[in-house]
Amino acid sequence: MKASKEQLIRLLESRDVRRRRKLYEYYEHYFQQQHSARFTIELINADLGFALVNRQDVKYIRAHCNQWKTAQPETAEKEQHTVEKKSVKKEIWTNQEELKNPIFTGSKLDSL
């Protein structure tokens, strides 16, 4: 669940433990743009209206954001279906002459 801007401001003011993760979730688009830390801080603080975000917050978020990335929807994954194969008995072909005469090799080159 995404936090609203007012909830985010309250989390940052109280220095809550989960403030950085919520900050990343709310401003994920800023962190994906790969701006400098100073510019990212200025953008976020300007949007919040308060100077609540500092350099350590941005560094921590950048170090841990790969773990927090939102999961892709499961519908995008390929569904695997099991297919039952009908078992077909293979017929074994035998040469009747070979059964009668065990010396017979069946090769055309032998007769040359």
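Across every non-hydrogen atom of V53 and N45, the tightest pair is N-OD1, 3.0 Å.
For R55, the CZ atom counts as loosely surrounded, since its 6.0 Å shell holds 12 or fewer non-hydrogen atoms of other residues, nucleotides or ligands.
Taken from CD in E25 to CG in L8, the straight-line distance is 10.0 Å, to the nearest 0.5 Å. Taking CD of Q32 as the reference point, atom OH of Y24 lies at 5.5 Å (rounded to 0.5 Å). Note that CD of Q67 and NE2 of H64 are 5.5 Å apart. Values are rounded to the nearest 0.5 Å. The CD1 atom of I44 sits 10.0 Å away from the NE2 atom of H35 when rounded to the nearest 0.5 Å. From Y27, atom OH reaches atom NZ of K5 across 5.0 Å, with rounding to the nearest 0.5 Å. Here the straight-line distance linking atom CG of L23 with atom CG of D57 works out to 6.5 Å at 0.5 Å rounding.
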(request) Please report the C-alpha distance between D16 and K22 in whole Å, then the side-chain angles of each, then the deciding distance to 0.1 Å, and finally whether the side-chain contact (heavy atoms from CB on, under 4.5 Å) criterion is met. (result) CA-CA 10 Å; D16 191 89; K22 295 295 181 185; over 6 Å; no
Should L48 and L12 be marked as a side-chain contact (heavy atoms from CB on, under 4.5 Å) after you check the CA-CA gap, both sets of side-chain angles, and the distance that decides it? CA-CA 10 Å; L48 291 173; L12 290 169; 3.7 Å; yes
Between Q56 and R20, does the side-chain contact (heavy atoms from CB on, under 4.5 Å) criterion hold? Intermediate values first, please.
CA-CA 10 Å; Q56 288 81 17; R20 292 174 175 164; 4.2 Å; yes
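No donor-acceptor contact under 3.5 angstrom links the side chains of D47 and Y30, judged on distance only.
With respect to R38 and E42, no salt bridge is recorded, no charged nitrogen being found less than 4.0 Å from a carboxylate O.
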